[in-house]
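Single-structure report; data block below.
Below, each value reflects all heavy atoms present in this structure, side chains not excepted, and no hydrogens, waters or symmetry copies. We name chains A, B, ... by the order of the sequence lines, and we start the count at 1 in each one.
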Amino acid sequence: MITVHYFAGIREMTGTHKENFDWAGVTVGQLKERLIQKYPQMQGNSLQFAVNEEYALQTDILSEGDAVALIPPVSGG
Amino acid sequence: MITVHYFAGIREMTGTHKENFDWAGVTVGQLKERLIQKYPQMQGNSLQFAVNEEYALQTDILSEGDAVALIPPVSGG
Amino acid sequence: MKPFSIVTEPINPQLYADYVLRPEAGAVTLFTGHVREWTKGVQTVFLAYEAYVPMAEKKLAQIGQEIEEQWEGTRAAIAHRIGELQISDIAVVIAVSSPHRKTAYEANEYAIERIKEIVPIWKKEIWNDGEQWIGDQKKKPEGELR
Amino acid sequence: MKPFSIVTEPINPQLYADYVLRPEAGAVTLFTGHVREWTKGVQTVFLAYEAYVPMAEKKLAQIGQEIEEQWEGTRAAIAHRIGELQISDIAVVIAVSSPHRKTAYEANEYAIERIKEIVPIWKKEIWNDGEQWIGDQKKKPEGELR
């Protein structure tokens, strides 16, 4: 099981703060494709990904228990 | 009568905060020469002059009632 | 006090200035970012900030570490507030102390630039006639994920 | 509160930050210059500052005016303390508000540079084994008046 966290506009699009998926073993890039299948409106959004609170590459492989976060362009300050 | 104000190292050299002189009509440059005659140790100090709280030129002429200040290199901040 | 934190209550900037002050420090720069009423002719009613809190705090601490490595003798503290903020409220505070003033300015400005690059915090502007997540502005027109 | 003043009591920097804050301001920079314990390997015991007070306050106000003319939408406030100051005491505070952050940093740094150029304030460092008016360091070796 991995947990996917949503924030800001992405959170409003999905209607939830987080979801669990049984996707251990897939890459971050594959997770992105699966999320776009579930949420077609996600297509076209500039997004980065974090795994366990650190920015991740599309090729990183997800492990059981990982916390993934979808990071739309940040706008703090 | 004009009043001459001393600060910092110059104040310590003259031993006083201010003095009055009957020097109306002289230029700032002439005042400087007269002060060096009175205080030879003043020679060699980098100094600017203010008249009535504004930086003055050596050629400015002093008027009765003017307040002159000797401004050694500033070191605020 | 946590020197790198996401907070939900009003920020007292003096706490952060006090935290970074040391006997070796000749200069302290304190930056506060405030909710501005007007942006490009549009009136803001209020702002809402959201953060991925644990990661945001890690990234603030990372910025602090980058500063202390890049400018010798500096110490930094940063806090960002989330939730609803009204006009003039402080959204972010950055305190930097340094032996010398030039460094204190440079390192402080570096911190705000880095916050805007890497810290997972998002701002929504709420106007009288609408609202927008500010990151949306950077949506790619090509319709492609980065 | 006088926005451009020479003071003899401890400085509360927050008063100056509050003074410059306005609804149009997105950024406030607050610089505080502190008495540093060590300068080039020499330990300072305390500092004594002296000013030509009325002229110094005029010059601080002039710097504020220069800033507001040079950077649109800014507001500034500056205070300098005189008398005996201990390690870490605030000698000078500069607050600048601006719609945008870059300006707030630039204008603030401009203020401290101008203070060091034109404001008639003098610093004496007192060490365990001596003292010196800091302006003396610039004494011309040729022995000639400028």
Identified side chain to side chain contact (heavy atoms under 4.5 Å, CB included) partner of D:I134 from the options B:S75, B:P73, B:P72: B:S75

With chain B, which of D:H80, D:R81, D:Q62 has the greatest number of heavy-atom pairs at distances under 4.5 Å? D:H80

Closest non-hydrogen atom pair between B:G77 and D:A91, with its separation: O-CB, 4.3 Å

Restricting to non-hydrogen atoms, name the atom on B:A67 and the atom on D:Y52 that form the minimum distance, rounded to 0.1 Å. CB-OH, 4.4 Å

Taking side chain to side chain contact (heavy atoms under 4.5 Å, CB included) as the criterion, tell me which of D:E57, D:M55, D:K59 meets it with B:E53. D:M55

So, D:W122 side chain and B:F7 main chain: donor-acceptor pair closer than 3.5 Å or not? no

Verify side-chain contact (heavy atoms from CB on, under 4.5 Å) between B:R11 and D:W133, making sure each step is shown before the conclusion. CA-CA 11 Å; B:R11 174 180 53 71; D:W133 285 103; 3.6 Å; yes

Nearest atoms (heavy-atom pairs only) where B:V74 meets D:I118: CG2-N, 4.3 Å

Answer with side chain, backbone, both or neither: which region of D:K124 has an atom nearer than 4.5 Å to a non-hydrogen atom of chain B? side chain

Would you mind checking which part of D:A56 comes under 4.5 Å of any heavy atom in chain B, side chain (CB onward), backbone (N, CA, C, O), both or neither? neither

Is chain D contacted by the side chain of B:E12, its backbone, both, or neither, given a heavy-atom distance below 4.5 Å? side chain

Heavy atoms of B:G76 and D:I115 approach each other most closely as C-CG2, 4.3 Å

